[in-house]
Amino acid sequence: MQPHADSVRALASEYRNAAADTLSTIVKIPSFSGKEEAVCRKIASLCQEAGFDDVRFDGLGSVIARVGNGPRTIAVDAHIDTVGVGDPSRWTTDPFSGIVRDGLVLGRGTADQKGGAASMITAGRILKKLGYDGKFSVFFTFTVLEEDCDGLCWLYLIEKEGLRPEFAVSTEPTSCRLYRGHRGRMEIEVKVRGVSAHGSAPERGESAAYKSARAALAMEKLNETFLPDEFLGKGTVVVSRVDVHGPSQCAVPDQGMLYLDRRLTWGETAELAISQVKKAMGSDAESVAMPRYDGKGWNGAAYSQELYFPTWKIPEDHPLVTGGRHAYQALFGRQPEVGKWTFSTNCVAICGKHGIPCIGFGPGDEDKAHAPNEHTRIDDLVTASAFYAMLPLALEGHA
Ligand SMILES: [Zn+2]
(Lines give C-alpha, C1' and ligand atoms only; values in the text may rest on other atoms or scores of the structure.)
Protein backbone atom coordinates (compact mmCIF):
# COMPACT_ATOMS: atom_id res chain seq x y z
CA MET A 1 0.00 0.00 0.00
CA GLN A 2 1.16 3.57 -0.60
CA PRO A 3 1.00 5.87 2.42
CA HIS A 4 -0.52 9.30 2.10
CA ALA A 5 0.99 12.67 3.02
CA ASP A 6 -1.59 13.10 5.81
CA SER A 7 -0.57 9.86 7.52
CA VAL A 8 3.13 10.71 7.17
CA ARG A 9 2.57 14.13 8.74
CA ALA A 10 0.41 12.69 11.53
CA LEU A 11 3.03 10.08 12.45
CA ALA A 12 5.84 12.66 12.36
CA SER A 13 3.85 14.68 14.93
CA GLU A 14 3.12 11.58 17.00
CA TYR A 15 6.87 10.75 17.07
CA ARG A 16 7.88 14.32 17.98
CA ASN A 17 9.05 13.47 21.51
CA ALA A 18 10.70 10.26 20.33
CA ALA A 19 12.69 12.23 17.73
CA ALA A 20 13.82 14.73 20.38
CA ASP A 21 14.77 11.86 22.73
CA THR A 22 16.70 10.13 19.94
CA LEU A 23 18.65 13.32 19.25
CA SER A 24 19.31 13.84 22.96
CA THR A 25 20.53 10.24 23.30
CA ILE A 26 23.04 10.46 20.45
CA VAL A 27 24.26 13.95 21.47
CA LYS A 28 25.15 12.56 24.90
CA ILE A 29 27.62 10.19 23.20
CA PRO A 30 30.67 12.19 22.03
CA SER A 31 31.73 11.17 18.52
CA PHE A 32 34.73 13.11 17.29
CA SER A 33 36.03 12.06 13.87
CA GLY A 34 37.63 8.63 14.01
CA LYS A 35 36.09 7.96 17.43
CA GLU A 36 32.50 7.23 16.41
CA GLU A 37 32.21 3.58 17.48
CA ALA A 38 29.91 4.11 20.49
CA VAL A 39 27.51 6.41 18.64
CA CYS A 40 27.48 4.10 15.59
CA ARG A 41 26.57 1.12 17.76
CA LYS A 42 23.82 3.14 19.46
CA ILE A 43 22.43 4.31 16.10
CA ALA A 44 22.46 0.74 14.75
CA SER A 45 20.44 -0.44 17.74
CA LEU A 46 18.00 2.50 17.42
CA CYS A 47 17.44 1.58 13.75
CA GLN A 48 16.83 -2.03 14.72
CA GLU A 49 14.31 -0.97 17.37
CA ALA A 50 12.59 1.24 14.76
CA GLY A 51 12.09 -1.88 12.60
CA PHE A 52 14.40 -1.11 9.66
CA ASP A 53 14.63 -4.00 7.16
CA ASP A 54 18.41 -4.23 7.33
CA VAL A 55 21.09 -2.63 9.52
CA ARG A 56 24.80 -3.19 8.94
CA PHE A 57 28.22 -1.54 9.22
CA ASP A 58 30.25 -0.79 6.11
CA GLY A 59 33.98 -1.45 5.94
CA LEU A 60 34.86 2.03 7.23
CA GLY A 61 32.47 1.79 10.20
CA SER A 62 29.48 3.81 8.89
CA VAL A 63 25.99 2.46 9.67
CA ILE A 64 23.91 1.53 6.62
CA ALA A 65 20.24 0.98 7.44
CA ARG A 66 17.62 0.15 4.82
CA VAL A 67 13.86 0.38 4.58
CA GLY A 68 12.07 -1.08 1.56
CA ASN A 69 13.03 -3.58 -1.09
CA GLY A 70 12.22 -1.71 -4.28
CA PRO A 71 14.40 -1.83 -7.41
CA ARG A 72 15.18 1.91 -7.32
CA THR A 73 17.57 3.29 -4.70
CA ILE A 74 17.75 6.52 -2.78
CA ALA A 75 20.22 7.33 0.00
CA VAL A 76 19.55 9.73 2.86
CA ASP A 77 22.83 10.68 4.55
CA ALA A 78 23.90 12.11 7.91
CA HIS A 79 27.48 12.26 9.09
CA ILE A 80 27.51 11.37 12.77
CA ASP A 81 30.96 12.64 13.74
CA THR A 82 31.30 16.13 15.22
CA VAL A 83 34.00 18.72 15.69
CA GLY A 84 35.38 19.44 19.17
CA VAL A 85 33.71 21.83 21.62
CA GLY A 86 36.16 24.74 21.34
CA ASP A 87 36.49 26.94 24.41
CA PRO A 88 34.29 25.23 27.07
CA SER A 89 33.77 28.56 28.88
CA ARG A 90 31.75 29.76 25.86
CA TRP A 91 29.06 27.14 26.53
CA THR A 92 26.24 27.94 28.96
CA THR A 93 25.39 24.22 29.28
CA ASP A 94 27.52 21.07 29.07
CA PRO A 95 28.15 20.42 25.32
CA PHE A 96 27.13 16.77 25.82
CA SER A 97 24.08 17.40 28.02
CA GLY A 98 21.53 16.70 25.28
CA ILE A 99 19.10 18.85 27.29
CA VAL A 100 15.58 19.05 25.81
CA ARG A 101 13.82 22.30 26.75
CA ASP A 102 11.86 25.23 25.33
CA GLY A 103 11.33 23.37 22.05
CA LEU A 104 15.07 22.85 21.54
CA VAL A 105 17.66 20.11 21.92
CA LEU A 106 21.01 21.45 23.13
CA GLY A 107 24.55 20.26 22.59
CA ARG A 108 27.46 19.64 20.23
CA GLY A 109 26.20 18.03 17.03
CA THR A 110 22.51 18.95 17.42
CA ALA A 111 22.71 21.10 14.26
CA ASP A 112 25.80 19.61 12.59
CA GLN A 113 24.32 17.16 12.21
CA LYS A 114 22.90 14.59 14.56
CA GLY A 115 19.50 16.28 14.15
CA GLY A 116 19.50 14.93 10.60
CA ALA A 117 20.40 11.47 11.94
CA ALA A 118 17.59 11.53 14.54
CA SER A 119 15.10 12.64 11.86
CA MET A 120 16.26 9.82 9.56
CA ILE A 121 15.70 7.19 12.26
CA THR A 122 12.23 8.68 12.80
CA ALA A 123 11.54 8.65 9.04
CA GLY A 124 12.42 4.94 8.89
CA ARG A 125 10.05 4.32 11.79
CA ILE A 126 7.29 6.19 9.91
CA LEU A 127 7.85 4.24 6.68
CA LYS A 128 7.82 0.91 8.55
CA LYS A 129 4.70 1.87 10.51
CA LEU A 130 2.95 2.71 7.23
CA GLY A 131 4.09 -0.55 5.65
CA TYR A 132 6.08 1.11 2.86
CA ASP A 133 6.60 -1.34 0.01
CA GLY A 134 7.12 1.08 -2.88
CA LYS A 135 9.59 1.23 -5.75
CA PHE A 136 12.54 2.44 -3.65
CA SER A 137 15.01 0.78 -1.38
CA VAL A 138 15.69 3.66 1.00
CA PHE A 139 19.23 3.58 2.41
CA PHE A 140 19.75 5.67 5.53
CA THR A 141 23.51 6.17 5.86
CA PHE A 142 25.06 7.34 9.14
CA THR A 143 28.58 8.14 8.04
CA VAL A 144 31.95 8.68 9.70
CA LEU A 145 34.98 11.01 9.33
CA GLU A 146 33.13 13.82 7.53
CA GLU A 147 34.48 16.61 9.72
CA ASP A 148 38.01 15.46 8.95
CA CYS A 149 37.50 14.93 5.23
CA ASP A 150 34.08 15.62 3.69
CA GLY A 151 33.02 12.96 1.22
CA LEU A 152 35.66 10.33 2.07
CA CYS A 153 33.02 8.06 3.66
CA TRP A 154 30.97 8.29 0.47
CA LEU A 155 33.90 7.66 -1.86
CA TYR A 156 34.31 4.49 0.20
CA LEU A 157 30.62 3.58 -0.07
CA ILE A 158 30.53 4.13 -3.84
CA GLU A 159 33.97 2.87 -4.84
CA LYS A 160 34.54 0.05 -2.33
CA GLU A 161 31.04 -1.04 -1.31
CA GLY A 162 29.31 -0.47 -4.66
CA LEU A 163 26.42 1.56 -3.21
CA ARG A 164 25.48 3.83 -6.10
CA PRO A 165 22.01 5.25 -5.46
CA GLU A 166 19.89 6.89 -8.12
CA PHE A 167 19.39 9.92 -5.83
CA ALA A 168 20.85 11.17 -2.56
CA VAL A 169 19.77 13.58 0.16
CA SER A 170 22.19 15.22 2.57
CA THR A 171 20.60 16.03 5.93
CA GLU A 172 23.16 18.68 6.92
CA PRO A 173 21.39 21.74 8.40
CA THR A 174 19.38 23.81 5.91
CA SER A 175 16.76 25.25 8.33
CA CYS A 176 14.38 22.90 6.45
CA ARG A 177 15.02 24.62 3.12
CA LEU A 178 15.68 22.60 -0.05
CA TYR A 179 19.28 23.03 -1.22
CA ARG A 180 20.69 22.08 -4.61
CA GLY A 181 24.40 22.86 -4.50
CA HIS A 182 27.44 24.38 -2.87
CA ARG A 183 30.93 25.48 -3.84
CA GLY A 184 33.71 22.92 -3.89
CA ARG A 185 37.12 23.29 -2.35
CA MET A 186 40.66 22.02 -2.47
CA GLU A 187 43.90 22.36 -0.60
CA ILE A 188 47.15 23.27 -2.34
CA GLU A 189 50.71 23.04 -1.08
CA VAL A 190 53.35 25.24 -2.68
CA LYS A 191 57.06 24.57 -2.16
CA VAL A 192 59.54 27.40 -2.53
CA ARG A 193 63.28 26.93 -2.81
CA GLY A 194 66.07 29.48 -2.38
CA VAL A 195 69.83 29.37 -1.88
CA SER A 196 71.14 29.82 1.64
CA ALA A 197 74.01 32.12 2.51
CA HIS A 198 75.48 33.70 5.59
CA GLY A 199 73.22 36.36 7.08
CA SER A 200 76.07 38.86 6.82
CA ALA A 201 76.14 38.55 3.03
CA PRO A 202 72.61 38.23 1.63
CA GLU A 203 73.82 39.04 -1.90
CA ARG A 204 75.39 35.57 -2.07
CA GLY A 205 72.02 33.84 -1.51
CA GLU A 206 68.53 33.70 -2.93
CA SER A 207 65.90 34.24 -0.22
CA ALA A 208 63.01 31.76 0.08
CA ALA A 209 61.38 34.38 2.35
CA TYR A 210 61.14 37.01 -0.38
CA LYS A 211 59.97 34.44 -2.92
CA SER A 212 57.32 33.20 -0.47
CA ALA A 213 56.19 36.77 0.22
CA ARG A 214 55.87 37.49 -3.53
CA ALA A 215 54.01 34.20 -4.00
CA ALA A 216 51.58 35.11 -1.18
CA LEU A 217 50.92 38.58 -2.64
CA ALA A 218 50.32 36.97 -6.04
CA MET A 219 47.46 35.02 -4.38
CA GLU A 220 45.92 38.25 -3.09
CA LYS A 221 45.84 39.49 -6.71
CA LEU A 222 44.65 36.14 -8.11
CA ASN A 223 41.70 36.19 -5.69
CA GLU A 224 40.44 39.38 -7.36
CA THR A 225 40.29 37.77 -10.81
CA PHE A 226 37.76 34.98 -10.15
CA LEU A 227 34.42 35.15 -11.96
CA PRO A 228 31.05 34.40 -10.33
CA ASP A 229 28.54 31.65 -11.06
CA GLU A 230 25.00 33.06 -10.92
CA PHE A 231 23.89 30.47 -8.32
CA LEU A 232 27.04 29.60 -6.36
CA GLY A 233 28.88 32.92 -6.46
CA LYS A 234 32.67 33.31 -6.71
CA GLY A 235 35.55 31.05 -5.81
CA THR A 236 38.25 32.30 -3.45
CA VAL A 237 41.87 31.62 -2.56
CA VAL A 238 43.35 32.14 0.90
CA VAL A 239 46.96 31.71 1.99
CA SER A 240 46.34 29.81 5.21
CA ARG A 241 49.93 29.20 6.23
CA VAL A 242 53.45 30.34 5.33
CA ASP A 243 56.60 28.66 6.67
CA VAL A 244 60.15 29.71 5.88
CA HIS A 245 63.34 28.29 7.23
CA GLY A 246 67.02 27.88 6.52
CA PRO A 247 70.18 26.57 8.17
CA SER A 248 70.00 29.14 11.01
CA GLN A 249 68.34 32.35 12.19
CA CYS A 250 71.49 34.09 10.92
CA ALA A 251 71.20 32.89 7.34
CA VAL A 252 69.30 33.53 4.11
CA PRO A 253 66.48 30.94 4.25
CA ASP A 254 66.45 28.36 1.48
CA GLN A 255 63.11 26.63 2.06
CA GLY A 256 59.56 27.93 2.02
CA MET A 257 56.05 26.51 2.03
CA LEU A 258 52.67 28.13 1.41
CA TYR A 259 49.40 26.36 2.14
CA LEU A 260 46.33 27.48 0.20
CA ASP A 261 42.61 27.04 0.85
CA ARG A 262 40.86 27.36 -2.50
CA ARG A 263 37.05 27.48 -2.75
CA LEU A 264 35.85 26.48 -6.20
CA THR A 265 32.77 27.70 -8.00
CA TRP A 266 31.02 26.07 -10.94
CA GLY A 267 33.45 25.23 -13.76
CA GLU A 268 36.58 25.55 -11.60
CA THR A 269 38.43 22.22 -11.42
CA ALA A 270 41.56 21.15 -9.55
CA GLU A 271 43.61 21.29 -12.77
CA LEU A 272 42.47 24.84 -13.49
CA ALA A 273 43.14 26.00 -9.91
CA ILE A 274 46.64 24.54 -9.88
CA SER A 275 47.50 26.03 -13.26
CA GLN A 276 46.29 29.46 -12.08
CA VAL A 277 48.56 29.28 -9.03
CA LYS A 278 51.55 28.17 -11.11
CA LYS A 279 51.02 31.00 -13.57
CA ALA A 280 50.53 33.63 -10.85
CA MET A 281 53.60 32.57 -8.83
CA GLY A 282 55.87 31.91 -11.81
CA SER A 283 59.44 31.00 -10.91
CA ASP A 284 58.90 31.83 -7.21
CA ALA A 285 57.19 28.44 -6.81
CA GLU A 286 59.25 25.30 -7.16
CA SER A 287 56.20 23.01 -7.03
CA VAL A 288 52.42 23.39 -6.72
CA ALA A 289 50.57 20.24 -5.69
CA MET A 290 47.45 18.83 -4.06
CA PRO A 291 48.20 16.88 -0.86
CA ARG A 292 46.38 13.66 0.07
CA TYR A 293 44.30 12.80 3.11
CA ASP A 294 44.80 9.45 4.80
CA GLY A 295 41.73 8.53 6.82
CA LYS A 296 41.33 5.83 9.43
CA GLY A 297 37.91 4.61 10.56
CA TRP A 298 37.15 3.79 14.20
CA ASN A 299 37.47 0.14 13.21
CA GLY A 300 41.04 0.65 11.95
CA ALA A 301 40.17 0.57 8.22
CA ALA A 302 42.18 3.00 6.10
CA TYR A 303 41.09 5.01 3.04
CA SER A 304 42.76 7.87 1.26
CA GLN A 305 41.87 10.62 -1.20
CA GLU A 306 43.23 13.80 -2.74
CA LEU A 307 42.26 16.97 -0.85
CA TYR A 308 39.91 17.94 -3.68
CA PHE A 309 36.19 18.32 -3.07
CA PRO A 310 34.48 19.08 -6.38
CA THR A 311 31.79 21.74 -6.76
CA TRP A 312 28.27 20.47 -7.35
CA LYS A 313 24.84 21.78 -8.22
CA ILE A 314 21.78 20.37 -9.92
CA PRO A 315 19.29 22.37 -12.01
CA GLU A 316 16.23 23.95 -10.46
CA ASP A 317 14.00 21.76 -12.66
CA HIS A 318 15.86 18.48 -11.95
CA PRO A 319 13.46 15.60 -11.13
CA LEU A 320 14.99 15.30 -7.65
CA VAL A 321 14.36 19.00 -6.89
CA THR A 322 10.84 18.64 -8.32
CA GLY A 323 10.28 15.51 -6.20
CA GLY A 324 11.46 17.43 -3.13
CA ARG A 325 9.07 20.31 -3.92
CA HIS A 326 6.17 17.87 -4.35
CA ALA A 327 6.95 16.10 -1.07
CA TYR A 328 7.10 19.41 0.81
CA GLN A 329 3.97 20.80 -0.85
CA ALA A 330 1.98 17.62 -0.13
CA LEU A 331 3.00 17.69 3.54
CA PHE A 332 2.82 21.38 4.36
CA GLY A 333 0.60 22.96 1.70
CA ARG A 334 3.25 25.40 0.48
CA GLN A 335 6.47 25.45 -1.53
CA PRO A 336 9.87 25.07 0.16
CA GLU A 337 12.51 27.78 -0.08
CA VAL A 338 15.26 26.60 -2.43
CA GLY A 339 18.90 27.58 -1.91
CA LYS A 340 22.48 26.49 -1.32
CA TRP A 341 24.93 25.84 1.50
CA THR A 342 27.89 28.08 2.35
CA PHE A 343 29.87 25.16 3.79
CA SER A 344 30.78 21.81 2.24
CA THR A 345 29.08 18.42 2.65
CA ASN A 346 29.41 14.77 1.63
CA CYS A 347 27.73 15.77 -1.66
CA VAL A 348 31.21 16.72 -2.97
CA ALA A 349 31.82 12.99 -3.37
CA ILE A 350 28.29 11.83 -4.19
CA CYS A 351 27.43 14.51 -6.78
CA GLY A 352 30.67 16.49 -7.32
CA LYS A 353 32.87 13.46 -7.97
CA HIS A 354 30.41 10.70 -8.94
CA GLY A 355 27.59 12.66 -10.58
CA ILE A 356 24.79 11.17 -8.46
CA PRO A 357 22.10 13.88 -8.11
CA CYS A 358 21.86 15.30 -4.57
CA ILE A 359 19.63 17.66 -2.68
CA GLY A 360 19.99 18.98 0.85
CA PHE A 361 17.24 19.18 3.46
CA GLY A 362 18.06 19.23 7.14
CA PRO A 363 16.90 20.36 10.56
CA GLY A 364 18.80 23.12 12.34
CA ASP A 365 20.71 26.15 11.11
CA GLU A 366 24.01 26.18 9.25
CA ASP A 367 25.27 29.08 11.38
CA LYS A 368 25.00 26.97 14.56
CA ALA A 369 27.51 24.46 13.14
CA HIS A 370 30.86 24.38 14.98
CA ALA A 371 29.63 27.19 17.27
CA PRO A 372 29.24 27.21 21.07
CA ASN A 373 25.70 26.65 22.46
CA GLU A 374 24.73 24.66 19.36
CA HIS A 375 21.05 23.70 19.31
CA THR A 376 18.24 22.55 17.03
CA ARG A 377 14.48 23.14 17.07
CA ILE A 378 12.32 20.07 17.74
CA ASP A 379 9.86 21.46 15.15
CA ASP A 380 12.61 21.03 12.55
CA LEU A 381 13.05 17.36 13.52
CA VAL A 382 9.33 16.79 12.90
CA THR A 383 9.44 18.59 9.53
CA ALA A 384 12.56 16.76 8.39
CA SER A 385 11.39 13.29 9.43
CA ALA A 386 8.12 13.81 7.54
CA PHE A 387 10.07 15.06 4.50
CA TYR A 388 12.47 12.08 4.36
CA ALA A 389 9.56 9.62 4.66
CA MET A 390 7.55 11.48 2.00
CA LEU A 391 10.33 11.96 -0.57
CA PRO A 392 10.40 8.38 -1.97
CA LEU A 393 6.60 8.55 -2.34
CA ALA A 394 6.83 11.89 -4.14
CA LEU A 395 9.52 10.58 -6.47
CA GLU A 396 7.20 7.72 -7.37
CA GLY A 397 4.48 10.22 -8.16
CA HIS A 398 2.34 9.58 -5.09
CA ALA A 399 2.48 13.11 -3.68
ZN1 LIG B 1 28.28 18.77 8.92
Asks: Would you call S175 and E366 a side-chain contact if the rule is heavy atoms closer than 4.5 Å?
Replies: no
Asks: May I ask you to test the Q305-C149 pair for a side-chain heavy-atom distance under 4.5 Å?
Replies: yes
Asks: Quick one, D87 and P372 - any side-chain contact, counting heavy atoms below 4.5 Å?
Replies: no
Asks: On the ring face of F231, is R180 found with NZ or CZ under 6.0 Å from the centre and within 45° of the axis?
Replies: yes
Asks: What distance do R241 atom CZ and E189 atom CD have between them, rounded to the nearest 0.5 Å?
Replies: 8.0 Å
Asks: Going by an N to O cut-off under 4.0 Å, is there a salt bridge joining D261 and R263?
Replies: yes
Asks: Would a distance-only check, ignoring hydrogens and angles, find a side-chain to backbone donor-acceptor pair under 3.5 Å from E187 to R262?
Replies: no
Asks: About how many Å separate CD of E224 and OG1 of T236, when rounded to the nearest 0.5 Å?
Replies: 11.0 Å
Asks: Is there a continuous path of hydrophobic side-chain contacts, each under 4.5 Å between heavy atoms, that joins L106 to V39?
Replies: no
Asks: Examine V138 and F167 and state if one hydrophobic cluster contains both, with Ile, Leu, Val, Met, Phe, Trp and Tyr joined whenever side-chain heavy atoms are less than 4.5 Å apart.
Replies: yes
Asks: Indicate yes or no for a side-chain donor-acceptor contact from S62 to the backbone of V144 under 3.5 Å, with no hydrogens or angles considered.
Replies: yes
Asks: Begin from the C-alpha positions of F57 and W298 and carry the test side-chain contact (heavy atoms from CB on, under 4.5 Å) through to its verdict.
Replies: CA-CA 12 Å; F57 290 94; W298 57 261; 3.9 Å; yes
Asks: Using ring-ring contact (aromatic ring centres under 6.0 Å, His included) as the criterion, list what pairs up with F142, not counting sequence neighbours.
Replies: none
Asks: Indicate yes or no: at least one non-hydrogen side-chain atom of Y308 is less than 4.5 angstrom from one of T269.
Replies: yes
Asks: Backbone N or O of S170 within a donor-acceptor pair of the D77 side chain at under 3.5 Å?
Replies: no
Asks: Donor-acceptor pair, distance only, cut-off 3.5 Å: does the side chain of S24 make one with the backbone of A20?
Replies: no
Asks: If two hydrophobic side chains count as joined below 4.5 Å and joins carry through other members, does L260 share a cluster with V244?
Replies: yes
Asks: Using every non-hydrogen atom in the two residues, find where K114 and S31 come nearest and quote the distance to one decimal.
Replies: NZ-OG, 2.9 Å
Asks: Any chain of hydrophobic side-chain contacts (each under 4.5 Å) joining W154 to F140?
Replies: no
Asks: Minimum heavy-atom separation for A5 and L331, please, with both atom names.
Replies: O-CD2, 3.7 Å
Asks: Can you confirm whether E161 is buried at CD, in the sense that more than 12 heavy atoms of other residues, nucleotides or ligands lie under 6.0 Å from that atom?
Replies: yes
Asks: Please answer whether the main-chain N or O of K234 pairs with a side-chain N or O of T265 as donor and acceptor at a distance below 3.5 Å.
Replies: no
Asks: Cluster question for you: counting only ILVMFWY and a side-chain heavy-atom cut-off of under 4.5 Å, with indirect links fine, are W91 and V83 together?
Replies: no
Asks: Assess whether a salt bridge exists between R164 and E159, defined as any Lys/Arg side-chain N lying under 4.0 Å from an Asp/Glu carboxylate O.
Replies: no
Asks: With side chains defined as the heavy atoms from C-beta onward, is the minimum distance between C351 and P357 less than 4.5 Å?
Replies: no
Asks: Show your reasoning for whether salt bridge (charged side-chain N to carboxylate O under 4.0 Å, His left out) applies to E49 and R125.
Replies: CA-CA 9 Å; E49 282 164 30; R125 189 187 299 268; 5.6 Å; no
Asks: Could you give the distance from CG (L127) to CG (L393), rounded to the nearest 0.5 Å?
Replies: 6.5 Å
Asks: Check the pair D81, F32 against side-chain contact (heavy atoms from CB on, under 4.5 Å), reporting the backbone distance first and the verdict last.
Replies: CA-CA 5 Å; D81 60 325; F32 306 125; over 6 Å; no
Asks: Determine whether more than 12 heavy atoms belonging to other residues, nucleotides or ligands lie under 6.0 Å from atom NE2 of H326.
Replies: no
Asks: Rounded to the nearest 0.5 Å, what separates atom CD1 in I99 from atom NE2 in H375?
Replies: 13.0 Å
Asks: Would you say T376's side chain and T110's backbone share a donor-acceptor pair under 3.5 angstrom?
Replies: yes
Asks: More than 12 foreign heavy atoms under 6.0 Å from CD of Q48: is that the case here?
Replies: yes
Asks: I'd like to know if the side chain of S33 reaches the main chain of L145, judged simply by a donor and an acceptor atom lying under 3.5 Å from each other, with no hydrogens or angles considered.
Replies: no
Asks: Please check if the side chain of R193 supplies one atom and the backbone of Q255 the other of a donor-acceptor pair under 3.5 Å.
Replies: no
Asks: Answer yes or no on whether K313 is positioned over the face of W266, meaning its NZ or CZ is under 6.0 Å from the six-membered ring centre and within 45° of the axis.
Replies: yes
Asks: Any donor and acceptor pair, going by atom type alone, linking the side chain of H182 with main-chain N or O of W312 inside 3.5 Å?
Replies: no
Asks: Roughly how far, to the nearest 0.5 Å, is the OG atom of S240 from the CD1 atom of I188?
Replies: 10.0 Å
Asks: Might you point out which heavy atoms bring M120 and A78 nearest each other, and give the distance in Å?
Replies: SD-CB, 3.5 Å
Asks: If only side-chain N and O atoms count, and only distance matters, is there a donor-acceptor pair under 3.5 Å linking N69 with S137?
Replies: no
Asks: Between L130 and L11, is there a side-chain heavy-atom distance shorter than 4.5 Å?
Replies: yes
Asks: Side-chain contact test, heavy atoms from C-beta onward, threshold under 4.5 Å: evaluate it for D150 versus F343 and give yes or no.
Replies: no
Asks: For a quick test of reading the model, state the closest non-hydrogen atom pair linking P202 to S200 and the distance between them.
Replies: CD-C, 3.6 Å
Asks: Passes side-chain contact (heavy atoms from CB on, under 4.5 Å), V63 versus T141? Steps please.
Replies: CA-CA 6 Å; V63 179; T141 61; over 6 Å; no
Asks: Can you establish whether the number of heavy atoms outside Y259 located under 6.0 Å from its atom OH is more than 12?
Replies: yes
Asks: Less than 4.0 Å between a side-chain N and a carboxylate O, is that true for K191 and E286?
Replies: no
Asks: Does the S97 side chain pair with the main chain of T93, one donor and one acceptor, at a distance under 3.5 Å?
Replies: no
Asks: Just verifying a value: how many Å separate E166 CD and T73 OG1, rounded to the nearest 0.5 Å?
Replies: 6.5 Å
Asks: Compare every heavy atom of P363 with every heavy atom of D380, then report the nearest pair and how far apart it is.
Replies: CB-CB, 3.6 Å
Asks: Check R108 with E374, please: is the shortest side-chain N to carboxylate O separation under 4.0 Å?
Replies: yes
Asks: Is the closest basic N to carboxylate O distance between R56 and D58 below 4.0 Å?
Replies: no
Asks: Between D229 and R183, does at least one N-O distance fall below 4.0 Å, as a salt bridge requires?
Replies: no
Asks: Is any side-chain N of the basic residue among K128 and D53 closer than 4.0 Å to the acidic one's carboxylate O?
Replies: yes
Asks: Within a reach of under 6.0 Å around CD of Q249, are more than 12 heavy atoms found that belong to other residues, nucleotides or ligands?
Replies: no
Asks: Classify the side-chain pair R334/Q329 by whether it contains a donor and acceptor separated by less than 3.5 Å.
Replies: no
Asks: Please enumerate all residues that pass side chain to side chain contact (heavy atoms under 4.5 Å, CB included) together with N299, with sequence neighbours excluded.
Replies: A301
Asks: What verdict does the side-chain contact (heavy atoms from CB on, under 4.5 Å) test give for I274 and M290, after you've listed the backbone C-alpha separation in whole Å, the side-chain angles of each residue and the deciding distance to 0.1 Å?
Replies: CA-CA 8 Å; I274 284 186; M290 189 162 40; 4.3 Å; yes
Asks: Show the atom names and distances, to 0.1 Å, of all donor-acceptor pairs under 3.5 Å that link a side chain in residues 382-391 to residues at least two apart or in another chain.
Replies:
unit_1, atom_1, unit_2, atom_2, d
T383, OG1, D379, O, 3.1
S385, OG, L381, O, 2.8
S385, OG, V382, O, 3.1
Y388, OH, F361, O, 2.6

Asks: Considering only heavy atoms from C-beta outward, does the side chain of L155 approach that of K353 to under 4.5 Å?
Replies: yes
